[in-house]
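Convention: sequence-line order gives letters A, B, ...; per-chain numbering from 1. Note that this is a predicted model, so its numbers are computed, not measured.
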Amino acid sequence: MADTLDLFGQSGPEALSDGAVLMRGFAVSETDALITGIESVATQAPFRRLMTPGGKPMSAAMTNCGAAGWVSDRRGYRYEACDPQTGRPWPEMSDGFRDLAVEAARLAGFEDFTPDACLINLYEPGARMSLHQDRDETDLSQPIVSVSLGLEAVFLWGGMARTDPTQKIILRHGDVVVFGGASRLRFHGIAPLKPGRCPGIGARRYNLTFRRAI
DNA sequence: CAGTCCCC
DNA sequence: CTGA
């Protein structure tokens, strides 16, 4: 069974912790549509490096699609219906994006995922994301679905306290991580991206994170 | 008060 | 520092 799936670059869901599941290669067959979708979003809402509340630019660039988009500036973190840079609503979340996220959540044991936000992070070599929690969403009973595309990255999977030890997990093109339940508020991050190049995508990693924000 | 997704 |  596992061998058959492995022929297609996939394997069964793998538990990272209580409520957190890694599905290797789950999104590989959707690569072309996902990349096209990201490029379409980026033409309407360009990637930009947000400021942290402390006033420093993040190293990963971000954009969003869906009814709500995550933003950060000197006033804090929040979700906004419109892109502050253009004043227009964030681009629609396509059915293809939504269906992929809902199906991944379902396979991970979360039946009623209704995402309204997709944050798209663009990492270039050297970019990172320090340990943080996703806690700006209203309904913490809904999971986060994270899709990795392009260059591989070292995912830091921590605990409920910032100082808890972290597990290092290599996330490759097409891998999907779902975390919810007891793991919904775990600290997590991304180690500085190593240089490299991915066919068709280049020296970049995209990360799509689907959330129920409002 | 709590939060602090930054330091390439 | 900001915003609940």
Pairing partner (Watson-Crick or G-U wobble, both distances under 3.5 angstrom) of dG3(C): dC1(B)

Using atom [atom1] of [X] as one end and atom [atom2] of [N] as the other, report the distance to the nearest whole Å.
X: M58(A); N: dT4(B); atom1: CE; atom2: P; value: 12 Å
X: M160(A); N: dG3(B); atom1: CE; atom2: P; value: 12 Å
X: M62(A); N: dC6(B); atom1: CE; atom2: P; value: 7 Å
X: L50(A); N: dT2(C); atom1: CG; atom2: P; value: 18 Å
X: R162(A); N: dC6(B); atom1: CZ; atom2: C1'; value: 10 Å
X: W70(A); N: dT4(B); atom1: CH2; atom2: C1'; value: 11 Å

Residues in contact with DNA chain C, drawn from residues 118-154 of chain A - heavy-atom cutoff 4.0 Å: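 Contacts with DNA chain C under 4.0 Å: none.
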
Tell me which nucleotide among dT4(B), dT2(C), dC8(B) gets nearest to the side chain of R49(A).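 Of the options given, the side chain of R49(A) lies nearest dC8(B).
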
Picking from dC6(B), dG3(C), dC5(B), which would you name as closest to the side chain of R75(A)?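 Closest nucleotide among those given: dG3(C).
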
Check the pair L34(A), Y206(A) against side-chain contact (heavy atoms from CB on, under 4.5 Å), reporting the backbone distance first and the verdict last. CA-CA 10 Å; L34(A) 290 170; Y206(A) 291 115; over 6 Å; no

What residue among D116(A), V178(A), V147(A) forms side-chain contact (heavy atoms from CB on, under 4.5 Å) with F210(A)? V147(A)

Qualifying residue, where the test is side-chain contact (heavy atoms from CB on, under 4.5 Å) with F179(A) and the options are D18(A), L16(A), D134(A), L22(A):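 By the side-chain contact (heavy atoms from CB on, under 4.5 Å) criterion, F179(A) pairs with just one of D18(A), L16(A), D134(A), L22(A): D134(A).
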
Quick one: do D83(A) and R48(A) make a salt bridge, cutoff under 4.0 Å? yes

I'd like to know if R78(A) pairs up with D73(A) as an ion pair, taking the criterion as any Lys NZ or Arg NE/NH1/NH2 lying under 4.0 Å from an Asp or Glu carboxylate oxygen.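 Looking at D73(A) together with R78(A), the answer is yes, because their closest N to O distance falls below 4.0 Å.
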
Is R162(A) positioned over the aromatic face of F187(A), cation under 6.0 angstrom from the ring centre and no more than 45 degrees off axis?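 No, R162(A) does not sit over the ring of F187(A).
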
P53(A) or S59(A): which one's nearest nucleotide on DNA chain B is closer to the 5' end?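 Closest to the 5' end, via its nearest nucleotide, is P53(A).
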
